[in-house]
Visitor: 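This is the structure, below, for whatever I ask next.
Protein chains get the first letters and strands the later ones, always in sequence-line order, with residue 1 at the start of each.
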Amino acid sequence: MPELPDVEVMRRYLQSTALHQEITDLEVGAARLIPDEETNQDPTVKQLKADIIGRSFESSRRHGKWLFIRMNSEGEKFLVFHFGMTGGLNYFKDMDDEPEYTQVLFHFKNGYQLAYISQRKLGELEIIDGVEKFVDQKKLGPDALDLSLEEFKILCEGRHAMVKTTLMDQSKIAGIGNVYSDEILFQAKIYPRTQCDQLGGDKIEELYHTMKDVLQTAIDRQADPEQFPQDFITPHRHKGGHCPICGEALKRVQVGSRHAYYCPNRQEKKGKH
DNA sequence: AGCGATGTTCGCCG
DNA sequence: TCGGCGAACATCGC
């Protein structure tokens, strides 16, 4: 589930495995992952190879759900990853260990490989020359972990949209998706369809701190639901799941075109008390 | 066998 | 202008 914590864990993984090794070859299985300004996909794959082969990864950055790898090119060049709904990375040596659904494979001079995995082939991989410019073009808001309380208050105040929608809106806050917005709202005891302008100043501040806590805790636990604290909803976030705190059956409600899971006992609807 | 799924983009509507 | 909604994208697992 590649949201901010998942991508951060992948960034650290890549940072500790695949840096400073010359890339000797690149195999592209799913060309659709590489965006193309023209309609013909072949030249972009060739261009991607030309930009990458012979280079090495030098450092990494993350903004929201996007991962940037700076390469040792002439001038600044970054490889950008987006993992869609099902993507991931795996660094391995023996080709027998090549993961299923590998879509792009980087070969390093030391005999290791880095696989970009994507079961559903939704995702993106491209070369850019500046992170700030890219963030601007993609109209991404500040990264959720960099967002200040003041910025968060401004995002919420006077906004009629639902809180969950706002948390997931990448142009306002970058990095939070369906799963972590549910977790944040569960921890903050807010009903998912609550509108931002129904939250008081204190509640907004509480939500802000909860957002940071949830994301940081998830990163500390390797974004692995099995390692999450006992009171996290994420491992129970499915049909038939129960609240880890009070045992109530979880409910599901439509928000935008997605589903939110929540505890009807602990996430009260506004005006009901 | 059909439906739902962690993501983004785009167009339509009130 | 803002926000909600739904389709499209690809494809697998339940």
Side-chain angles (χ1 to χ4, degrees), chain A residues 1-10 28-37 39 41 62-67 80-89 99-104 116-126 134-141 143-144 154-186 192-199 214-215 218-219 221-226 228 232-241 250-262:
Chain A
M1 32 168 131
E3 300 181 32
L4 186 152
D6 314 273
V7 178
E8 178 60 20
V9 169
M10 280 190 257
V28 178
R32 74 174 307 280
L33 291 163
I34 297 136
D36 197 352
E37 287 124 63
T39 354
Q41 298 207 313
R62 184 192 53 72
H63 189 107
K65 304 173 189 175
W66 296 85
L67 176 57
V80 193
F81 292 106
H82 192 285
F83 297 99
M85 294 207 281
T86 56
L89 295 174
E100 219 180 337
Y101 308 115
T102 294
Q103 306 297 348
V104 179
Y116 171 96
I117 308 157
S118 184
Q119 205 175 41
R120 302 284 184 277
K121 293 184 186 167
L122 295 178
E124 208 170 310
L125 204 144
E126 70 178 293
F134 181 85
V135 165
D136 199 54
Q137 279 171 355
K138 289 283 179 182
K139 299 190 175 20
L140 299 177
D143 185 84
I154 291 165
L155 284 181
C156 296
E157 281 164 3
R159 185 168 297 279
H160 197 57
M162 292 180 278
V163 194
K164 182 173 166 74
T165 308
T166 304
L167 287 174
M168 291 196 298
D169 185 337
Q170 302 303 301
S171 71
K172 297 185 175 62
I173 308 171
I176 299 169
N178 206 20
V179 170
Y180 283 99
S181 59
D182 276 3
E183 187 64 63
I184 291 163
L185 293 174
F186 174 73
R193 292 186 60 90
T194 308
Q195 283 147 341
C196 292
D197 54 13
Q198 290 182 306
L199 297 173
V214 165
L215 296 174
I219 293 169
R221 311 291 177 108
Q222 310 302 313
D224 175 6
E226 288 187 9
F228 284 178
F232 268 39
I233 196 178
T234 301
H236 311 275
R237 195 186 167 284
H238 52 78
K239 278 197 181 126
L250 298 181
K251 283 195 168 181
R252 201 177 76 153
V253 67
Q254 186 108 10
V255 180
S257 41
R258 316 205 81 93
H259 292 293
Y261 284 84
Y262 70 102

Visitor: Round to a whole Å and report the spacing from CG of A:D169 to P of B:dT9.
Guide: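 So the CG-P distance, A:D169 to B:dT9, works out to 11 Å.
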Visitor: Taking Watson-Crick and G-U wobble pairs with both distances under 3.5 Å, convert DNA chain B into its dot-bracket string, 5' to 3', dots for unpaired and | for cross-strand pairs.
Guide: .||||.||||||||
Visitor: Output the rounded distance in Å from NZ (A:K172) to C1' (C:dG4).
Guide: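 Interatomic distance, NZ of A:K172 to C1' of C:dG4: 12 Å.
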Visitor: Please determine whether a side-chain nitrogen or oxygen atom of A:K138 lies at a distance below 4.0 Å from atom OP1 or OP2 of B:dT9.
Guide: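 Checking B:dT9 against A:K138, a side-chain N or O does come within under 4.0 Å of OP1 or OP2.
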Visitor: When the P atoms of B:dT8 and C:dT1 are considered, how many whole Å apart are they?
Guide: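 Taking atom P in both B:dT8 and C:dT1, they lie 24 Å apart.
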Visitor: Could you tell me whether the side chain of A:R258 has a donor or acceptor atom within less than 3.5 Å of a complementary atom in the base of B:dG7?
Guide: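 Indeed there is one.
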Visitor: Quickly work out the A:I173 CD1 to B:dT8 P distance and round it to whole Å.
Guide: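 A:I173 atom CD1 is separated from B:dT8 atom P by 13 Å.
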Visitor: Whole angstroms only, please: what is the NZ-C1' distance between A:K164 and C:dG3?
Guide: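 Taking NZ of A:K164 and C1' of C:dG3, I get 16 Å after rounding.
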Visitor: What is the distance, rounded to the nearest whole Å, between atom CE of A:M85 and atom C1' of B:dC3?
Guide: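 Answer to the nearest Å: 13 Å.
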Visitor: Between A:R193 and A:E100, which has a closest nucleotide on DNA chain C that is more 5'?
Guide: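 Comparing both residues, the 5'-ward one is A:R193.
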Visitor: Tell me whether the OP1 or OP2 atom of B:dT8 has a side-chain N or O from A:H82 closer than 4.0 Å.
Guide: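 For B:dT8, OP1/OP2 do have a side-chain N/O of A:H82 under 4.0 Å.
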Visitor: So what does A:Y101 touch, heavy atoms closer than 4.0 Å: a base, only the sugar-phosphate, or nothing?
Guide: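 Sugar-phosphate only.
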Visitor: Roughly how far, to the nearest 0.5 Å, is OG1 of A:T194 from CG of A:L199?
Guide: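 So the CG of A:L199 and the OG1 of A:T194 are separated by 6.5 Å.
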Visitor: Give a yes/no answer on whether the side chain of A:R32 brings an N or O atom under 4.0 Å of OP1 or OP2 in C:dA8.
Guide: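 No, no such contact exists.
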Visitor: Tell me the interatomic distance from A:L167, atom CG, to C:dG4, atom P, rounded to whole angstroms.
Guide: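 One finds 13 Å between P of C:dG4 and CG of A:L167, rounded.
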Visitor: Write down the distance separating the P atoms in C:dA8 and B:dC3, rounded off to the nearest Å.
Guide: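 Between the two P atoms, the distance is 14 Å.
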Visitor: Could you check A:R258, A:M168, A:R237 and say which one makes a side chain to side chain contact (heavy atoms under 4.5 Å, CB included) with A:D182?
Guide: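 Of all the options given, the one that passes is A:R237.
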Visitor: Within the pair A:H259 and B:dA5, is there a side-chain N or O less than 4.0 Å away from OP1 or OP2?
Guide: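 So the side-chain polar atoms of A:H259 do come within 4.0 Å of the phosphate oxygens OP1 or OP2 of B:dA5, strictly under.
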Visitor: Counting only N and O atoms by type, is there a donor-acceptor contact under 3.5 Å from the side chain of A:E183 to the main-chain atoms of A:I233?
Guide: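 Pair found, side chain donor or acceptor close to backbone of A:I233.
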Visitor: Nearest-Å distance, CG (A:N178) to P (C:dC5)?
Guide: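 Between P of C:dC5 and CG of A:N178: 14 Å.
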Visitor: When the ring planes of A:W66 and A:F134 are compared, do they come out parallel, tilted or perpendicular, using 30° and 60° as the limits?
Guide: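 Taking A:F134 first and then A:W66, their aromatic rings stand perpendicular (interplane angle over 60°).
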Visitor: For A:Q137, is the CD atom crowded, meaning more than 12 foreign heavy atoms sit under 6.0 Å from it?
Guide: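 For A:Q137, atom CD is crowded (more than 12 foreign heavy atoms under 6.0 Å).
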Visitor: Counting only side-chain N and O atoms of A:K139, is one of them less than 4.0 Å from OP1 or OP2 of B:dT9?
Guide: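 No, no such contact exists.
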Visitor: Taking for each residue the nucleotide of DNA chain B with the nearest heavy atom, is it A:E124 or A:R120 whose nucleotide lies nearer the 5' end?
Guide: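 On the 5' side of the pair lies A:R120.
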Visitor: Under 4.0 angstrom, heavy atoms only, what part of the nucleic acid is A:R159 near: base, sugar-phosphate, or nothing?
Guide: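 The residue A:R159 makes sugar-phosphate contact but no base contact.
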Visitor: Rounded to whole Å, how long is the line connecting atom CD of A:Q254 with atom P of C:dG4?
Guide: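 Atom-to-atom, A:Q254 to C:dG4, this comes out as 12 Å.
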Visitor: Under 4.0 Å between any heavy atoms, over every strand shown, what does A:S118 touch: base, sugar-phosphate, or nothing? Just pick one.
Guide: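 If one applies the 4.0 Å heavy-atom cut-off, A:S118 turns out to touch nothing in the nucleic acid.
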Visitor: Just by modelled atom types, is the A:H259 backbone N or O under 3.5 Å from a matching donor or acceptor in the A:N178 side chain?
Guide: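 Side chain of A:N178 to backbone of A:H259, a donor-acceptor pair under 3.5 Å: yes, one is there.
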Visitor: Between C:dC5 and B:dA5, how far apart are the P atoms? Round to whole Å, please.
Guide: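 Their P atoms lie roughly 16 Å apart.
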Visitor: Please determine, by modelled atom types, if A:K164 and A:S181 share a side-chain donor-acceptor pair under 3.5 angstrom.
Guide: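 Result is yes, a qualifying pair exists.
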Visitor: Hey, could you give me the NZ/SG distance between A:K172 and A:C156, rounded to the nearest 0.5 Å?
Guide: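 Output value for this atom pair is 11.0 Å.
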Visitor: Between C:dT11, C:dG6, C:dG4, which nucleotide has the shortest distance from any of its atoms to the side chain of A:S257?
Guide: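 Minimum distance to the A:S257 side chain belongs to C:dG6.
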Visitor: Select one nucleotide: of C:dA10, C:dG6, C:dG4, the one nearest the side-chain heavy atoms of A:M162.
Guide: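 Closest nucleotide among those given: C:dG4.
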Visitor: Taking the same atom, P, in C:dA7 and in B:dG4, what whole-Å distance lies between them?
Guide: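 Rounded to whole Å, the distance is 12 Å.
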Visitor: What's the separation between atom OH in A:Y116 and atom CG in A:L89, rounded to the nearest 0.5 Å?
Guide: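 Nearest 0.5 Å value for the OH-CG distance: 8.5 Å.
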